[in-house]
Asks: 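I have a structure I would like to understand better, so I am pasting it below and will then ask my questions one at a time.
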Amino acid sequence: MRSPLDALARFVDLPDPSLLESAVPGHSLNRYSFLSADPVATITASASQWPAVRERVRRSLATPPSRAARLPPFQGGWIGWFSYELGSA
C-alpha cells in the first residue's frame with residue numbers, strides 16, 4: 001500500500017498538486033487523506049479582495065455536486081490556503 005506522500009509524488013508534474021494529510025498513522029482521528037491536482041479554477045487575491053472572493057466561493061457551492069455513497073465525505077470542492085493577513089480584511 002502506498003503512503004499519501006508516495007501518491008503525491010506521482011502528481012508533481014500536474015498543475016497545483018495538493019495533499020490534505022489526515023493524521024499520523026495510528027492516530028484516533030486518522031481516517032482520510034485527500035489528493036488533488038490540475039484544478040478547474042484557482043483564485044489568487046489580496047485580503048482587500050476577500051468580499052468578492054468569498055462571494056465567488058459561496059456561489060460555486062450553492063448547488064452541491066452529487067456524492068457517491070461509498071466514498072469519503074469530501075468528494076471535491078475548494079482546497080486552499082488563506083494567509084494570516086486575511087484576518088485584517
Asks: Test of understanding: with side-chain contact (heavy atoms from CB on, under 4.5 Å), list the residues that count as partners of F74, not counting sequence neighbours.
Replies: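 Applying side-chain contact (heavy atoms from CB on, under 4.5 Å) to F74 gives F34, I79.
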Asks: Is there a path of hydrophobic side-chain contacts, each under 4.5 Å between heavy atoms, that joins L5 and L14?
Replies: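 Same hydrophobic cluster.
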Asks: Just jot down the ring-ring contact (aromatic ring centres under 6.0 Å, His included) partners of F11, sequence neighbours excluded, or say none.
Replies: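 Partners of F11 by the ring-ring contact (aromatic ring centres under 6.0 Å, His included) criterion come out as none, since no residue qualifies.
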Asks: T42: which residues meet the side-chain contact (heavy atoms from CB on, under 4.5 Å) condition with it, sequence neighbours left out?
Replies: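 Counting only residues at least two positions away or on another chain, T42 forms a side-chain contact (heavy atoms from CB on, under 4.5 Å) with D16, P39.
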Asks: Can you name the side-chain contact (heavy atoms from CB on, under 4.5 Å) partners of A9, sequence neighbours left out?
Replies: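 Applying side-chain contact (heavy atoms from CB on, under 4.5 Å) to A9 gives none.
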Asks: Could you tell me which residues satisfy side-chain contact (heavy atoms from CB on, under 4.5 Å) with R54, sequence neighbours excluded, listed by chain and number?
Replies: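 For R54, the residues satisfying side-chain contact (heavy atoms from CB on, under 4.5 Å) (neighbours in sequence not counted) are W50, P51, R58.
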Asks: Quick check against the 3.5 Å criterion: does Q49 have a side-chain atom that pairs as donor or acceptor with the backbone of S46?
Replies: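 Answer holds: yes.
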Asks: Side-chain heavy atoms nearer than 4.5 Å, only ILVMFWY residues, links allowed to pass through others: does that put Y32 and L35 together?
Replies: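 No, no single cluster joins them.
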Asks: Run the side-chain hydrogen bond (donor to acceptor under 3.5 Å, both in side chains) test against S60 and tell me which residues pass, sequence neighbours left out.
Replies: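 Applying side-chain hydrogen bond (donor to acceptor under 3.5 Å, both in side chains) to S60 gives W78.
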Asks: Would you compute the distance between atom CG of L20 and atom CG of L8 and round it to the nearest 0.5 angstrom?
Replies: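 If I round to the nearest 0.5 Å, the distance is 10.5 Å.
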